[in-house]
Amino acid sequence: MEIVAENRCFGGVQGVYRHASTACACDMTFGLFLPPQALRGPVPVLWYLSGLTCTHENAMTKAGAQAWAAQEGLALVFPDTSPRGDGVADDDAYDLGMGAGFYVNATETPWSSHYRMWDYVAEELPALIGARFSVDMTRQAITGHSMGGHGALTLAMALPGRFKSVSAFAPIANPTASDWGQKQLTAYLGVDPSSWSRHDATLQMAERGVDGPVLIDQGANDQFLDLLRPEALANAMVARRQNGVHRMQPGYDHSYFFVASMMPDHIAFHADALED
(Lines give C-alpha, C1' and ligand atoms only; values in the text may rest on other atoms or scores of the structure.)
Protein backbone atom coordinates (compact mmCIF):
# COMPACT_ATOMS: atom_id res chain seq x y z
CA MET A 1 0.00 0.00 0.00
CA GLU A 2 1.32 3.43 -1.01
CA ILE A 3 0.82 6.59 1.03
CA VAL A 4 -0.29 9.28 -1.43
CA ALA A 5 -0.75 11.96 1.23
CA GLU A 6 -1.24 12.39 4.97
CA ASN A 7 -2.35 15.72 6.39
CA ARG A 8 -3.08 16.88 9.91
CA CYS A 9 -6.81 17.48 10.22
CA PHE A 10 -8.84 18.42 13.34
CA GLY A 11 -6.24 16.79 15.55
CA GLY A 12 -6.24 13.60 13.51
CA VAL A 13 -4.90 12.59 10.11
CA GLN A 14 -6.58 12.71 6.72
CA GLY A 15 -4.79 10.19 4.54
CA VAL A 16 -5.01 9.14 0.93
CA TYR A 17 -3.72 5.69 0.00
CA ARG A 18 -3.29 3.61 -3.13
CA HIS A 19 -3.14 -0.17 -3.39
CA ALA A 20 -3.39 -2.96 -5.92
CA SER A 21 -6.94 -4.30 -5.85
CA THR A 22 -7.62 -7.97 -6.53
CA ALA A 23 -11.37 -7.37 -6.81
CA CYS A 24 -11.07 -4.59 -9.39
CA ALA A 25 -7.87 -5.84 -11.07
CA CYS A 26 -6.30 -2.38 -10.99
CA ASP A 27 -4.85 0.14 -8.56
CA MET A 28 -7.47 1.74 -6.31
CA THR A 29 -7.26 4.91 -4.22
CA PHE A 30 -9.17 5.67 -1.03
CA GLY A 31 -9.28 8.32 1.66
CA LEU A 32 -9.19 7.55 5.38
CA PHE A 33 -9.62 10.03 8.22
CA LEU A 34 -8.37 8.86 11.61
CA PRO A 35 -9.52 11.04 14.52
CA PRO A 36 -7.14 11.92 17.39
CA GLN A 37 -8.75 9.17 19.52
CA ALA A 38 -7.14 6.58 17.22
CA LEU A 39 -3.79 7.34 18.89
CA ARG A 40 -5.19 5.75 22.06
CA GLY A 41 -6.75 2.68 20.46
CA PRO A 42 -9.05 1.38 17.73
CA VAL A 43 -12.00 3.62 16.82
CA PRO A 44 -15.35 2.86 15.11
CA VAL A 45 -15.60 3.18 11.33
CA LEU A 46 -18.08 5.15 9.23
CA TRP A 47 -18.05 4.41 5.51
CA TYR A 48 -19.00 7.19 3.09
CA LEU A 49 -19.91 6.08 -0.45
CA SER A 50 -19.90 8.84 -3.05
CA GLY A 51 -22.14 9.47 -6.02
CA LEU A 52 -21.91 9.68 -9.80
CA THR A 53 -18.79 11.34 -11.27
CA CYS A 54 -17.05 11.43 -7.88
CA THR A 55 -13.73 10.03 -6.72
CA HIS A 56 -12.58 9.44 -3.13
CA GLU A 57 -11.79 13.16 -2.97
CA ASN A 58 -15.20 14.84 -3.37
CA ALA A 59 -16.69 14.04 0.02
CA MET A 60 -13.28 14.13 1.66
CA THR A 61 -12.92 17.82 0.75
CA LYS A 62 -16.54 19.05 0.49
CA ALA A 63 -18.72 17.24 3.02
CA GLY A 64 -17.23 18.77 6.18
CA ALA A 65 -17.35 15.41 7.91
CA GLN A 66 -13.92 15.38 9.59
CA ALA A 67 -14.69 18.05 12.18
CA TRP A 68 -17.71 16.14 13.44
CA ALA A 69 -15.98 12.76 13.20
CA ALA A 70 -13.07 14.06 15.27
CA GLN A 71 -15.50 15.26 17.92
CA GLU A 72 -17.19 11.85 18.07
CA GLY A 73 -14.06 9.73 17.62
CA LEU A 74 -15.03 8.08 14.34
CA ALA A 75 -12.81 7.01 11.47
CA LEU A 76 -14.13 7.93 8.00
CA VAL A 77 -13.48 5.83 4.90
CA PHE A 78 -13.91 7.41 1.45
CA PRO A 79 -13.63 4.72 -1.26
CA ASP A 80 -13.52 5.56 -4.96
CA THR A 81 -16.69 5.04 -7.00
CA SER A 82 -15.24 2.78 -9.70
CA PRO A 83 -12.09 1.12 -10.99
CA ARG A 84 -9.83 3.40 -13.02
CA GLY A 85 -6.76 3.30 -15.22
CA ASP A 86 -5.52 2.07 -18.57
CA GLY A 87 -7.44 -0.94 -19.80
CA VAL A 88 -10.50 -0.22 -17.62
CA ALA A 89 -13.70 -0.01 -19.67
CA ASP A 90 -15.38 3.40 -19.84
CA ASP A 91 -18.24 5.20 -21.55
CA ASP A 92 -18.65 8.75 -22.82
CA ALA A 93 -21.72 9.23 -20.63
CA TYR A 94 -21.18 10.54 -17.10
CA ASP A 95 -23.50 7.91 -15.61
CA LEU A 96 -21.79 4.76 -16.86
CA GLY A 97 -18.22 3.55 -16.58
CA MET A 98 -15.52 5.35 -14.60
CA GLY A 99 -17.06 7.31 -11.75
CA ALA A 100 -20.26 5.28 -12.02
CA GLY A 101 -19.61 1.80 -10.67
CA PHE A 102 -23.01 1.63 -8.89
CA TYR A 103 -21.49 -0.65 -6.21
CA VAL A 104 -22.27 -3.87 -8.08
CA ASN A 105 -20.24 -6.83 -9.36
CA ALA A 106 -20.60 -6.56 -13.13
CA THR A 107 -21.26 -9.80 -15.00
CA GLU A 108 -21.41 -8.39 -18.56
CA THR A 109 -18.60 -7.52 -20.93
CA PRO A 110 -16.68 -5.24 -21.11
CA TRP A 111 -17.40 -4.31 -17.49
CA SER A 112 -16.91 -7.65 -15.73
CA SER A 113 -13.10 -7.55 -15.94
CA HIS A 114 -12.82 -4.67 -13.45
CA TYR A 115 -16.19 -3.44 -12.20
CA ARG A 116 -16.52 -5.46 -9.01
CA MET A 117 -17.20 -2.62 -6.61
CA TRP A 118 -19.47 -4.70 -4.37
CA ASP A 119 -16.65 -7.10 -3.53
CA TYR A 120 -14.24 -4.20 -3.20
CA VAL A 121 -16.33 -2.24 -0.69
CA ALA A 122 -17.85 -5.23 1.12
CA GLU A 123 -14.76 -7.42 1.45
CA GLU A 124 -11.40 -6.28 0.10
CA LEU A 125 -11.14 -2.72 1.40
CA PRO A 126 -12.52 -3.54 4.89
CA ALA A 127 -9.94 -6.33 5.23
CA LEU A 128 -7.13 -3.99 4.21
CA ILE A 129 -8.21 -1.16 6.52
CA GLY A 130 -8.81 -3.50 9.45
CA ALA A 131 -5.32 -4.95 9.09
CA ARG A 132 -3.41 -1.71 8.58
CA PHE A 133 -5.05 0.98 10.72
CA SER A 134 -6.23 1.63 14.29
CA VAL A 135 -9.91 0.87 13.72
CA ASP A 136 -12.48 -1.37 15.37
CA MET A 137 -14.12 -3.38 12.60
CA THR A 138 -16.71 -4.77 15.03
CA ARG A 139 -18.24 -1.27 15.08
CA GLN A 140 -19.05 -0.11 11.57
CA ALA A 141 -21.72 2.17 10.08
CA ILE A 142 -22.31 3.29 6.50
CA THR A 143 -23.66 6.31 4.66
CA GLY A 144 -23.55 7.75 1.17
CA HIS A 145 -24.86 10.34 -1.28
CA SER A 146 -26.97 9.69 -4.38
CA MET A 147 -25.45 6.62 -6.08
CA GLY A 148 -23.51 6.16 -2.84
CA GLY A 149 -26.72 6.28 -0.82
CA HIS A 150 -28.01 3.48 -3.05
CA GLY A 151 -24.83 1.53 -2.30
CA ALA A 152 -24.95 2.17 1.43
CA LEU A 153 -28.55 1.00 1.75
CA THR A 154 -28.18 -2.11 -0.39
CA LEU A 155 -24.95 -3.16 1.34
CA ALA A 156 -26.51 -2.70 4.78
CA MET A 157 -29.51 -4.83 3.87
CA ALA A 158 -27.44 -7.56 2.21
CA LEU A 159 -24.95 -7.80 5.11
CA PRO A 160 -27.07 -8.03 8.27
CA GLY A 161 -25.02 -7.53 11.40
CA ARG A 162 -22.18 -5.74 9.60
CA PHE A 163 -23.33 -2.16 10.17
CA LYS A 164 -24.78 -0.75 13.38
CA SER A 165 -26.61 1.97 11.41
CA VAL A 166 -27.13 3.23 7.87
CA SER A 167 -27.95 6.65 6.49
CA ALA A 168 -28.17 8.27 3.08
CA PHE A 169 -28.25 11.71 1.50
CA ALA A 170 -30.63 11.84 -1.50
CA PRO A 171 -30.13 8.16 -2.42
CA ILE A 172 -31.06 6.63 -5.75
CA ALA A 173 -33.86 4.86 -3.96
CA ASN A 174 -35.56 2.77 -6.64
CA PRO A 175 -33.09 2.23 -9.53
CA THR A 176 -35.01 -0.61 -11.18
CA ALA A 177 -37.76 1.93 -11.93
CA SER A 178 -35.50 4.86 -12.88
CA ASP A 179 -33.24 5.94 -15.73
CA TRP A 180 -30.59 6.20 -13.01
CA GLY A 181 -30.55 2.44 -12.65
CA GLN A 182 -32.19 0.66 -15.55
CA LYS A 183 -29.46 1.76 -17.96
CA GLN A 184 -26.59 0.91 -15.63
CA LEU A 185 -28.01 -2.33 -14.25
CA THR A 186 -28.65 -3.55 -17.79
CA ALA A 187 -25.10 -2.71 -18.83
CA TYR A 188 -23.46 -4.23 -15.77
CA LEU A 189 -25.77 -7.15 -14.93
CA GLY A 190 -27.64 -7.97 -18.15
CA VAL A 191 -31.16 -7.59 -19.45
CA ASP A 192 -32.89 -9.90 -16.95
CA PRO A 193 -34.46 -7.63 -14.27
CA SER A 194 -34.43 -10.48 -11.76
CA SER A 195 -30.70 -9.90 -11.35
CA TRP A 196 -31.25 -6.25 -10.43
CA SER A 197 -33.47 -6.51 -7.36
CA ARG A 198 -30.70 -7.02 -4.78
CA HIS A 199 -29.38 -3.61 -5.85
CA ASP A 200 -32.65 -1.74 -5.34
CA ALA A 201 -33.07 -0.24 -1.86
CA THR A 202 -36.84 0.01 -2.16
CA LEU A 203 -37.26 -3.62 -3.17
CA GLN A 204 -34.83 -4.78 -0.49
CA MET A 205 -36.57 -2.67 2.14
CA ALA A 206 -39.85 -4.39 1.27
CA GLU A 207 -38.22 -7.83 1.33
CA ARG A 208 -35.88 -7.70 4.31
CA GLY A 209 -35.36 -4.20 5.77
CA VAL A 210 -32.43 -3.06 7.87
CA ASP A 211 -31.56 -4.60 11.23
CA GLY A 212 -30.46 -1.25 12.65
CA PRO A 213 -31.68 2.35 12.58
CA VAL A 214 -31.98 4.26 9.28
CA LEU A 215 -31.74 7.99 8.55
CA ILE A 216 -32.59 9.37 5.10
CA ASP A 217 -32.34 13.05 4.17
CA GLN A 218 -33.72 14.26 0.85
CA GLY A 219 -33.70 17.83 -0.45
CA ALA A 220 -37.19 18.93 -1.45
CA ASN A 221 -35.70 21.13 -4.21
CA ASP A 222 -33.48 18.36 -5.55
CA GLN A 223 -33.25 18.74 -9.32
CA PHE A 224 -33.14 14.94 -9.71
CA LEU A 225 -36.19 13.97 -7.65
CA ASP A 226 -37.84 12.09 -10.52
CA LEU A 227 -34.73 9.94 -10.95
CA LEU A 228 -34.17 9.36 -7.22
CA ARG A 229 -37.77 8.27 -6.41
CA PRO A 230 -37.61 9.00 -2.64
CA GLU A 231 -41.34 8.37 -2.24
CA ALA A 232 -40.88 4.71 -3.17
CA LEU A 233 -38.35 4.14 -0.38
CA ALA A 234 -40.35 6.17 2.15
CA ASN A 235 -43.46 4.11 1.43
CA ALA A 236 -41.49 0.86 1.74
CA MET A 237 -40.10 1.97 5.10
CA VAL A 238 -43.56 2.77 6.41
CA ALA A 239 -45.04 -0.49 5.10
CA ARG A 240 -42.28 -2.47 6.80
CA ARG A 241 -42.44 -0.45 10.04
CA GLN A 242 -38.70 0.09 9.62
CA ASN A 243 -36.86 1.67 12.55
CA GLY A 244 -35.93 4.87 10.77
CA VAL A 245 -36.58 8.45 9.72
CA HIS A 246 -37.09 9.76 6.18
CA ARG A 247 -36.88 13.57 6.08
CA MET A 248 -37.71 15.96 3.25
CA GLN A 249 -35.58 19.08 3.70
CA PRO A 250 -37.25 22.24 2.28
CA GLY A 251 -35.14 24.35 -0.06
CA TYR A 252 -32.20 21.95 -0.40
CA ASP A 253 -30.95 20.55 -3.72
CA HIS A 254 -28.64 17.66 -4.66
CA SER A 255 -25.32 19.42 -4.09
CA TYR A 256 -22.59 19.03 -1.49
CA PHE A 257 -23.97 22.16 0.17
CA PHE A 258 -26.93 19.93 1.10
CA VAL A 259 -24.67 17.10 2.23
CA ALA A 260 -22.52 19.40 4.37
CA SER A 261 -25.62 20.96 5.93
CA MET A 262 -26.98 17.58 7.03
CA MET A 263 -23.64 16.01 7.94
CA PRO A 264 -23.66 16.95 11.68
CA ASP A 265 -26.96 15.12 12.17
CA HIS A 266 -25.69 12.05 10.33
CA ILE A 267 -22.41 11.87 12.26
CA ALA A 268 -24.29 12.19 15.56
CA PHE A 269 -26.79 9.54 14.44
CA HIS A 270 -24.02 7.04 13.67
CA ALA A 271 -21.97 7.91 16.75
CA ASP A 272 -24.97 7.11 18.93
CA ALA A 273 -25.44 3.73 17.23
CA LEU A 274 -21.73 2.90 17.46
CA GLU A 275 -21.39 3.49 21.19
CA ASP A 276 -20.20 0.46 23.14
(request) Output the distance between atom CE (Met1) and atom NE2 (His19), rounded to the nearest 0.5 Å. (result) 9.0 Å
(message) Can you tell me if Tyr94 has over 12 outside heavy atoms packed within less than 6.0 Å of its OH?
(response) yes
(request) Could you tell me whether a side-chain N or O of Arg162 sits under 3.5 Å from a main-chain N or O of Ala122, the two making a donor and an acceptor? (result) yes
(request) Give the intermediate values and the outcome of side-chain contact (heavy atoms from CB on, under 4.5 Å) for residues Ile129 and Val135. (result) CA-CA 8 Å; Ile129 289 172; Val135 294; 3.9 Å; yes
(message) Which heavy atom of Val259 sits nearest to which heavy atom of Ala63, and what is that distance?
(response) CG1-CB, 4.1 Å
(request) Please answer: with hydrophobic residues joined when any side-chain heavy atoms are less than 4.5 Å apart, are Val77 and Leu74 in the same cluster? (result) no
(message) If you count heavy atoms of other groups shown closer than 6.0 angstrom to CG of Asp179, is the number above 12?
(response) no
(message) Contact between Lys183 and Leu96 at the side-chain level, heavy atoms closer than 4.5 Å - yes or no?
(response) yes
(message) Using only atom types and a distance under 3.5 Å, with no angle test, would you say the side chain of His114 pairs donor to acceptor with the backbone of Ala89?
(response) no
(request) Enter the distance from Ser167:OG to Met262:CE here, rounded to the nearest 0.5 Å. (result) 12.5 Å
(message) Taking Phe269 as the starting point, is it possible to reach Leu155 by hopping between hydrophobic residues whose side chains are less than 4.5 Å apart?
(response) no
(message) For a quick test of reading the model, state the closest non-hydrogen atom pair linking Pro175 to Ala201 and the distance between them.
(response) CD-N, 4.4 Å
(request) Looking only at non-hydrogen atoms, find the nearest pair between Ala100 and Ser82 and report the distance. (result) N-CB, 4.0 Å
(request) Indicate whether the side chain of Thr154 and that of His199 have a donor and an acceptor atom separated by less than 3.5 Å. (result) no
(message) Under a 3.5 Å cutoff, is there a donor and acceptor pairing between the side chains of Gln66 and Gln14?
(response) yes
(message) Heavy-atom count check: over 12 atoms from other residues, nucleotides or ligands less than 6.0 Å from Asp192 CG?
(response) yes
(message) So which atom in Met205 and which in Arg240 form the shortest heavy-atom distance, rounded to 0.1 Å?
(response) O-CD, 2.8 Å
(request) Kindly indicate whether the side chain of Ser21, heavy atoms from C-beta on, has any atom under 4.5 Å from the side chain of Glu124. (result) yes
(message) Less than 3.5 Å apart, any donor N or O on the side chain of His56 or Ser50 sitting next to an acceptor on the other?
(response) no
(request) Would you mind checking if Arg139 and Glu72 are paired as a salt bridge, meaning a charged N to carboxylate O distance below 4.0 Å? (result) no
(message) Using 0.5 Å steps for rounding, measure from the CG atom of Asp119 to the CG atom of Leu125.
(response) 12.5 Å
(message) Under a 3.5 Å distance rule, please check whether Ser178 uses its side chain to pair with a backbone N or O of Leu227 as donor and acceptor.
(response) yes
(request) Would you indicate whether the side-chain heavy atoms of Tyr252 and Pro250 approach each other to under 4.5 Å? (result) no
(message) Working to the nearest 0.5 angstrom, can you tell me the gap between Thr22 OG1 and Glu123 CD?
(response) 12.5 Å
(message) For a 4.5 angstrom cut-off between non-hydrogen side-chain atoms, does Ser197 reach Asp200?
(response) no
(message) With a 4.5 Å cut-off on side-chain heavy atoms, are Thr143 and Phe169 touching?
(response) yes
(message) Heavy-atom count check: over 12 atoms from other residues, nucleotides or ligands less than 6.0 Å from Trp68 CH2?
(response) no
(request) Supply the atom-to-atom distance Leu34 CG to Leu39 CG, rounded to the nearest 0.5 angstrom. (result) 8.5 Å
(message) Hydrophobic clusters here meaning ILVMFWY residues chained together by side-chain heavy-atom distances under 4.5 Å, can you tell me if Leu189 and Met98 are in one?
(response) yes
(message) Between Thr81 and Cys54 (side chain of the first, backbone of the second, donor and acceptor by atom type, cut-off under 3.5 Å), is there such a pair?
(response) yes
(request) Taking the side chain as every heavy atom from C-beta outward, state whether Tyr120 and Phe30 have any pair of such atoms under 4.5 Å apart. (result) yes
(request) Please check if the side chain of Gln37 supplies one atom and the backbone of Ala70 the other of a donor-acceptor pair under 3.5 Å. (result) yes
(request) Would you sort out whether Tyr103 and Val121 count as a side-chain contact (heavy atoms from CB on, under 4.5 Å), showing the intermediate values? (result) CA-CA 8 Å; Tyr103 304 101; Val121 174; 4.1 Å; yes
(message) Please identify which of these residues, Phe78, Tyr256, Tyr48, meets the ring-ring contact (aromatic ring centres under 6.0 Å, His included) condition with His145.
(response) Tyr256
(message) Do Leu203 and Leu153 land in one hydrophobic cluster if side-chain heavy atoms of ILVMFWY residues count as linked below 4.5 Å?
(response) no
(message) Is it the case that the side chain of Tyr188 and the backbone of Gly97 share a donor-acceptor pair, with hydrogens and angles ignored and the cut-off at 3.5 Å?
(response) yes
(message) Any side-chain to backbone donor/acceptor pair from Arg198 onto Ser195? Under 3.5 Å, distance only.
(response) no
(request) Heavy atoms only: give me the nearest Leu49-Ala152 pair and the separation to one decimal. (result) CD1-N, 3.6 Å
(message) Membership question, hydrophobic clusters at under 4.5 Å side-chain separation (ILVMFWY): are Tyr17 and Met137 in the same one?
(response) yes
(message) Would you say the ring centers of Trp180 and His150 fall short of 6.0 Å from each other?
(response) no
(message) Looking at Trp111, I'd like to know if the NZ or CZ of Arg116 sits under 6.0 Å from its six-membered ring centre while staying within 45 degrees of the ring's axis.
(response) no
(request) Please check if any side-chain donor atom of Asp253 sits under 3.5 Å from a side-chain acceptor atom of Asn221, or the reverse. (result) no
(request) Give a yes or no on whether the backbone of Gly41 and the side-chain of Ser134 come within a donor-acceptor separation of less than 3.5 Å. (result) yes
(request) Output yes when a side-chain donor or acceptor of Ser165 lies under 3.5 Å from a complementary backbone atom of Ala273, and no otherwise. (result) no
(message) Check this for me, if you would: do Arg84 and Asp80 make a salt bridge, where the nitrogen-to-carboxylate-oxygen distance has to be below 4.0 angstrom?
(response) yes
(message) I'd like to know if the side chain of Thr29 and the backbone of Arg18 have a donor-acceptor N/O pair within less than 3.5 Å.
(response) no
Contacts table for residues 211-218: side-chain donor-acceptor under 3.5 angstrom, sequence neighbours left out:
{"from": "Asp211", "atom 1": "OD2", "to": "Gly161", "atom 2": "N", "distance (Å)": "2.8"}
{"from": "Asp217", "atom 1": "OD1", "to": "Arg247", "atom 2": "NE", "distance (Å)": "2.7"}
{"from": "Asp217", "atom 1": "OD1", "to": "Arg247", "atom 2": "NH2", "distance (Å)": "3.3"}
{"from": "Asp217", "atom 1": "OD1", "to": "Gln249", "atom 2": "NE2", "distance (Å)": "2.9"}
{"from": "Asp217", "atom 1": "OD2", "to": "Arg247", "atom 2": "NH2", "distance (Å)": "2.8"}
{"from": "Asp217", "atom 1": "OD2", "to": "His266", "atom 2": "NE2", "distance (Å)": "2.7"}
{"from": "Gln218", "atom 1": "NE2", "to": "Asp222", "atom 2": "OD2", "distance (Å)": "3.1"}

(request) Would you please test Thr53 and Asp95 for side-chain contact (heavy atoms from CB on, under 4.5 Å) and show each step? (result) CA-CA 7 Å; Thr53 76; Asp95 58 355; over 6 Å; no
(message) Nearest 0.5 angstrom please: Gln184 CD to Ile172 CD1, how far?
(response) 7.0 Å
(request) Could you pull out the closest heavy-atom pair between Ala141 and Leu274, with the gap in Å? (result) CB-CD1, 3.9 Å
(request) May I ask you to test the Met60-Val16 pair for a side-chain heavy-atom distance under 4.5 Å? (result) yes
(request) For the residue pair Leu32 and Phe133, establish whether any side-chain heavy-atom pair is separated by less than 4.5 Å. (result) yes
(request) Would you check, one step at a time, whether the test side-chain contact (heavy atoms from CB on, under 4.5 Å) holds for Leu76 with Trp47? (result) CA-CA 6 Å; Leu76 299 170; Trp47 293 80; over 6 Å; no
